[in-house]
Structures are given as structure tokens and as C-alpha cells.
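Labels below follow one simple rule: chain letters A, B, ... track the order of the sequence lines, proteins then strands, and each chain is numbered from 1. Fair warning: this is a prediction, and the values are worked out from it, not measured in the lab.
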Protein chains: 2
Amino acid sequence: MAGVEGHIRIRQGDGRIVGTHSHPELTKNQSLVFGTLNRADGPLTAYAILDLLRDEGFRAPLQVYRALEKLLDFGLVHRLESLNAFVACSHPGCSQHHAVAFAICETCGNVLEFTPDAALKDLSKWAGDCGFSPAKTTIELRGTCRGCGQAATN
Amino acid sequence: MAGVEGHIRIRQGDGRIVGTHSHPELTKNQSLVFGTLNRADGPLTAYAILDLLRDEGFRAPLQVYRALEKLLDFGLVHRLESLNAFVACSHPGCSQHHAVAFAICETCGNVLEFTPDAALKDLSKWAGDCGFSPAKTTIELRGTCRGCGQAATN
DNA sequence: ATACAAGATGTAACTATGTAACACTGATGG
DNA sequence: CCATCAGTGTTACATAGTTACATCTTGTAT
Ligand SMILES: [Zn+2]
Ligand SMILES: [Zn+2]
Ligand SMILES: [Zn+2]
Ligand SMILES: [Zn+2]
């Protein structure tokens with residue numbers, strides 16, 4: 001087993017398909033994990049993925065973590081540090097964007113992925129000024145999304 | 001026990017004292033945890049704090065987590081999401097700044113706390129535009145600090 | 001074909017991080 | 001005196017992630 005074709009639908013939170021990833025080098029377990037994350041409409045913890053893949057033969061957390069490690073390398077998946085959870089990248093050509101930000105609604109659980117160019121530029125400037133070389137940047141906003149905010153005031 | 005005076009030195013990574021916090025409402029356990037974080041020259045996990053406070057009578061993680069929860073509320077301590085660890089706030093008048101960023105050196109473990117105003121403004125603008133109300137913003141740069149970067153190229 | 005190397009997988013055991021539940025204490029205000 | 005509340009102590013539990021080792025698969029060199 002070395003190279004199951006991974007051609008997987010990318011959905012928005014509403015289920016609308018907005019793109020696909022085609023990565024020729026996904027192995028069986030990587031495809032299973034990536035497929036699970038794409039079908040989910042929100043972030044999943046590694047153990048949640050494990051439970052969803054019991055029927056496919058998954059038995060141990062390491063099977064999930066190994067697949068996730070590769071998917072993170074490929075840029076197909078992001079880790080949400082403040083949730084200890086993982087989401088499929090929602091940007092179809094994501095291999096490019098190494099710095100990205102997330103807005104996480106604490107009411108409905110939806111996650112919006114965006115690229116805050118100005119913020120990243122400012123952070124880069126700060127880093128340059130004080131001699132810090134960033135390897136990975138984490139930006140996560142926890143709060144309430146438009147829908148949930150409106151619902152609360154109705 | 002209700003109100004041990006907490007007047008505690010704030011040190012930089014080099015041990016230099018750069019300020020103090022005076023908070024009249026710190027309880028015994030809160031003072032012990034806060035003091036431990038201030039003496040440390042880097043972030044500590046909750047279990048590391050627990051081990052450092054065994055001699056003071058700490059026995060269970062909840063004693064640490066309960067103190068940390070309050071210290072986080074008071075703004076005296078920050079949580080580093082990407083490390084599952086905690087640091088004393090290095091900004092003496094920190095009660096004000098609710099949004100802050102960290103540059104974490106993966107070589108030496110030092111953490112620099114800073115306030116990236118322009119980045120925060122940009123993120124606020126993005127949030128406003130898409131109806132998201134942020135309650136807490138996490139910004140963490142993982143990389144290499146000036147000293148460690150220079151050491152690597154020497 | 002045979003042999004080897006690299007990558008992928010399976011499994012058990014373990015460490016690390018964080019919580020729930022319940023009991024107890026000491027202060028505060030009727 | 002009694003109710004209440006915040007803080008504390010302790011046990012057990014739940015969640016998250018890793019180490020170690022064996023096996024299997026596939027590509028490649030001989
Ligand atoms: Zn992405
Ligand atoms: Zn929402
Ligand atoms: Zn601070
Ligand atoms: Zn360093």
C-alpha cells in the first residue's frame with residue numbers, strides 16, 4: 001500500500017462543496033483520516049476521529065496521529081491549538097499558505113479559516129525588529145459568530 | 001485563609017526584576033502558584049508547578065488548576081496554548097491588556113510577551129467585517145530567538 | 001529472483017494534561 | 001445560631017499524546 005488516490009470534497013460549514021484536494025500520495029490511513037475531517041462540519045479531536053474510524057479497522061490513537069502528522073506536513077489539515085483538535089484546510093490551494101488564522105465560535109463550534117495578511121505582516125515586522133525568526137504562527141480567535149450573536153440578541 | 005498579600009517580583013528571562021504585582025486578594029495557593037511562575041525563567045506546565053509545590057503541601061493537580069484559573073482571571077498569568085503551559089505576565093500593569101502575543105523560542109524555551117497593536121487592529125477589523133465577536137485572541141509565534149539564531153550560525 | 005532499505009501499519013503500554021464529585025474548613029452576614 | 005459562599009483536600013476519572021517493538025508493503029539494487 002503506497003499511494004491511494006485522495007480526491008476529496010471540501011465543504012463549507014453549510015455542506016456546500018467549495019473545492020477539492022487531489023493528492024496522489026495519500027496512503028490508506030491518511031485518506032481515511034482526511035475524509036473524516038472533510039465530512040465533519042467542524043474540528044475533530046484525534047480521539048473523535050479514532051472513534052469514527054473504528055469500523056474501518058482503526059484501533060489505536062497512533063494510527064490517527066501518524067496520519068495527521070503527514071496531513072499537517074502536506075498542508076491539508078490544520079491543528080487548532082486552543083482546542084487540541086484538527087480541521088481540514090478550507091482553502092483549496094492551501095499548500096501555499098503556511099500562515100493562517102481561525103475564528104472559532106464557542107457557541108456553534110464552527111470554524112472560519114482566513115489569512116490575515118496585515119496582521120501577519122505586523123507580526124513579521126515585530127519579529128524582525130527583535131531578532132526572532134518565526135517558524136510557525138498560531139492565530140486563533142475564540143468568540144461568537146454572526147449567526148450565534150444574532151440569535152442571542154433575538 | 002482569605003487574602004494573603006501578594007507582592008511578587010516580576011523577572012525577565014535573565015532574572016532581572018522589571019516590576020512587581022501587588023494584588024491584595026491572592027489566597028495561599030494562588031500566591032504559591034504565582035510565586036512559582038515568577039521564579040521560573042520560562043513557562044511551566046501545571047504538573048511541573050505541582051511538583052515544585054509538593055514541599056508546600058500540594059498533592060493534586062486541581063490545587064494548581066484552581067489557582068491558575070483565578071490568576072488567569074486576574075490577568076496575572078497567561079496560558080500558552082501551543083505548549084499547554086503557563087507564564088507569569090511580564091507586563092507589570094497587565095490587568096489592562098487583554099490581548100497579547102508571545103514569541104516562543106523552541107531552542108532555549110524563552111518566551112517574549114508583546115502587544116502587537118497593528119495586528120490586533122487588523123484582526124478586529126476582519127472580525128467586524130464578518131460579524132465575529134472575539135472574546136479571546138491567541139497569538140503565538142514559535143521559532144528561534146536572536147541569541148539562539150546567532151549561536152546556530154556561529 | 002533475492003536481498004535489502006524505507007515507509008507504512010498494528011498493538012500494547014505508558015506518560016501527560018485536565019475534570020468531576022464530594023467532603024471539609026473558615027469567614028461573613030442574617 | 002444558622003445559612004451561605006469561597007477556598008481547600010482527596011479520590012477517581014477522562015482526555016490527549018508518545019514510546020517501543022513487531023509486522024507488512026513496496027521499491028530498488030544486485
Ligand atoms: Zn488552510
Ligand atoms: Zn456560532
Ligand atoms: Zn501579560
Ligand atoms: Zn532561544
Name the pairs: protein N/O against N/O of nucleotides 19-24 of chain C, kept only if under 3.5 Å.
none

Gap between atoms CG and C1', on A/L26 and C/dG7 respectively (whole Å)
15 Å

Can you tell me which nucleotide in C/dT9, D/dT10, C/dT17 comes closest to the side chain of B/A60?
D/dT10

Cluster overlap B/L112 with B/L83, hydrophobic side-chain contacts below 4.5 Å:
no

Output a table of donor-acceptor pairs, distance under 3.5 Å, between side-chain atoms of residues 124-134 of chain A and any protein atom two or more places apart or on a different chain; print 'none' if there are none.
from	atom 1	to	atom 2	distance (Å)
A/S124	OG	A/L120	O	3.1
A/K125	NZ	A/D129	OD2	2.9

Figure out the CD/C1' separation between A/E81 and D/dA16, and round it to whole Å.
13 Å

Check whether any side-chain N or O of B/R79 sits under 4.0 Å from OP1 or OP2 of C/dG18, and answer yes or no.
yes

Could you check how far CG of B/L50 sits from P of D/dG9, rounded to whole Å?
12 Å

Identify all side-chain donor-acceptor contacts of residues 62-77 of chain A below 3.5 Å with residues at least two apart in sequence or on another chain.
from	atom 1	to	atom 2	distance (Å)
A/Q63	OE1	A/R59	N	2.6
A/Q63	OE1	A/A60	N	2.9

Considering only heavy side-chain atoms of B/A46, the closest of D/dT10, D/dG17, C/dG18 is C/dG18

A/Q63 side chain N/O closer than 4.0 Å to the phosphate oxygens (OP1, OP2) of C/dT9?
no

Please tabulate, for the side chains in residues 138-145 of chain A, all donor-acceptor contacts under 3.5 angstrom to protein atoms that are two or more places apart in sequence or on a different chain.
from	atom 1	to	atom 2	distance (Å)
A/E140	OE1	A/S82	N	2.9
A/E140	OE1	A/S82	OG	2.6
A/E140	OE2	A/E81	N	2.7
A/R142	NE	A/E106	OE2	3.3
A/R142	NH1	A/S82	O	3.1
A/R142	NH1	A/S82	OG	3.1
A/R142	NH2	A/E106	OE2	3.0

Nearest whole Å is fine: how far is D/dA6 P from B/Q30 CD?
13 Å

B/R54 CZ - D/dG9 C1' separation (whole Å)
13 Å

Does a nitrogen or oxygen in the side chain of B/K70 sit under 4.0 Å from OP1 or OP2 of D/dG7?
yes

Between B/H78 and B/E113, is any side-chain donor less than 3.5 angstrom from a side-chain acceptor?
yes

Sequence neighbours excluded - side-chain hydrogen bond (donor to acceptor under 3.5 Å, both in side chains) pairs with any residue from residues 43-53 of chain B
B/D51-B/R54

Using atom CZ of B/R59 as one end and atom P of D/dG7 as the other, report the distance to the nearest whole Å.
22 Å

Starting at CD1 of A/I49 and ending at P of D/dT15, how long is that distance when rounded to a whole Å?
16 Å

Distance check: side-chain N/O of B/T45 vs OP1/OP2 of C/dA16, anything under 4.0 Å?
no

From CG of B/N84 across to P of D/dT18 the rounded distance in Å is 11 Å

In chain order, what residues pass the side chain to side chain contact (heavy atoms under 4.5 Å, CB included) check against A/L52, with sequence neighbours excluded?
A/T36, A/L44

Below the 4.0 Å mark, does D/dG9 have OP1 or OP2 next to a side-chain nitrogen or oxygen of B/N29?
yes

Given D/dG7, D/dG17, C/dT17, which nucleotide is nearest the side-chain atoms of B/T27?
D/dG7

